[in-house]
*Asks:* 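Have a look at this one before I ask anything.
Within every chain, numbering begins at 1; the chains are lettered A, B, ... in the order of the sequence lines, protein sequences first and strands thereafter. The analysis underlying the following values was restricted to heavy atoms, covering all of them including side chains, and did not include hydrogens, waters or symmetry mates.
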Protein chains: 2
Amino acid sequence: MVETTRRQAIEDVASDLFRERGYAATSIRDIARALSVQGASLYAHVASKEDVLWGIVDRAATRFEAAADRAEAEAEARVPGDPVEALAAMVRAHVHVLTSDVGGAGVFVHEWRALGPERRSAILARRDVYERRFRAHIEDGIAIGVFAMTDSGLAASALLSALNGTATWYDPKGRLPAPRIADHLVDLSLRMLGAS
Amino acid sequence: MVETTRRQAIEDVASDLFRERGYAATSIRDIARALSVQGASLYAHVASKEDVLWGIVDRAATRFEAAADRAEAEAEARVPGDPVEALAAMVRAHVHVLTSDVGGAGVFVHEWRALGPERRSAILARRDVYERRFRAHIEDGIAIGVFAMTDSGLAASALLSALNGTATWYDPKGRLPAPRIADHLVDLSLRMLGAS
DNA sequence: CCTACCGATCGGTAGG
DNA sequence: CCTACCGATCGGTAGG
């Protein structure tokens, strides 16, 4: 468990650095310096630099997926078969993951290109599945007339881009607290889809 | 003029590479290889690698600004003092710049962090001014009741993030032609703001 | 977790 | 635009 903890500390520090400067512009020695150890010492805990990136990205992806699972289940329990309710819950969950771990989520959003070919396509496939869940609710809503007719694929992309932008500008010590940001983004999202 | 042309060819090739792999992950030799010359030969045309990035980013910023100028002027000429018209024109102009130069615009959107401190803050200041123009139209629209009441700053950020996402997924040979994408994004944007 | 070190690659210069 | 080369830094390993 000591190693798990140490590994987590490495990924936490790396998340912030990768988010600020990007993966390629951050060296193993930068990460080590932030932890007050020598660069080579990190290799007792991680196999490679890309391994650190993968740990961060995989963890963030898992958090987004789990939050969406819970959001869909709770929305379905509260108001069964309502696409508006489901989409609102998914948006709120997505923003919560973003704001509760800006480092990890920001790296997930922007730095997946730095992964090797197989991990990169694995994460793209997961992102695709995730985006389709939003699209499915949009299509359900269009079908029953609670959302305006639109290109559901483009709408889902635009929606997630709007939400993900939060990872770039969100500041925990900023003007708006995270729950207010989530409220606003839920409103903007539903309006964007023409929710009645 | 030969040099201007050559310089432009370097920036064009670099735009695509920076967009795909990121600035830090692209070497001067990568750019040179795409032009079938030796790495050192590029230094007859550019002062430094950051100089290439700056050329791309500055040019893209200028295109966004000029397109917004024209859009505002034309909207004002067509329907004076209408925030909805003005905002729709700005969105359309923004998407046009994005889709007509995915490389340059994509680098502008994502790689400004790689600039040195002074150029980085210069470009952030220009981005801020540009975003404020969107925000001003949003506030005008709220004031006269054609847009729903909302946090104008957050709405402007979310709107531009939604549009900028296009730079990530847009493919000139893709399913939707650029003008259709612009149409959809104008619709989504106006709806998001609650345009009556 | 450290020191010592590796081969490779980087941005960039000199001199033609 | 080329060859030849520079000092610095990179990710990573060996051996303790």
*Asks:* Any carboxylate oxygen within less than 4.0 angstrom of a Lys/Arg side-chain nitrogen, looking at A:R19 and A:D101?
*Replies:* no
*Asks:* Please answer whether the main-chain N or O of A:R78 pairs with a side-chain N or O of A:E85 as donor and acceptor at a distance below 3.5 Å.
*Replies:* no
*Asks:* Checking A:R70 side chain against A:A93 main chain: does a donor-acceptor pair fall under 3.5 Å?
*Replies:* no
*Asks:* Summarise protein proximity over nucleotides 3-16 of chain C in one line of letters, 5' to 3': B for base, S for sugar-phosphate only, - for none, counting protein heavy atoms closer than 4.0 Å.
*Replies:* BB-----BBBB---
*Asks:* Which atom pair, heavy atoms only, marks the closest approach of A:V52 to A:A14?
*Replies:*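 Shortest heavy-atom contact: CG1-CB, 3.7 Å.
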*Asks:* Check the angle between the aromatic planes of A:F134 and A:H94 and answer parallel, tilted or perpendicular using the 30° and 60° thresholds.
*Replies:* perpendicular
*Asks:* Quickly work out the B:R33 CZ to D:dC1 P distance and round it to whole Å.
*Replies:*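 So the two atoms are 17 Å apart, to the nearest Å.
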*Asks:* Rounded off to whole Å, could you give me the CG-to-P distance for the A:L35 and C:dC1 pair?
*Replies:*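 Roughly 8 Å, once rounded to whole Å.
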*Asks:* Across all strands shown, which nucleotide pairs with C:dG16 by Watson-Crick or G-U wobble geometry, both distances under 3.5 Å?
*Replies:* D:dC1
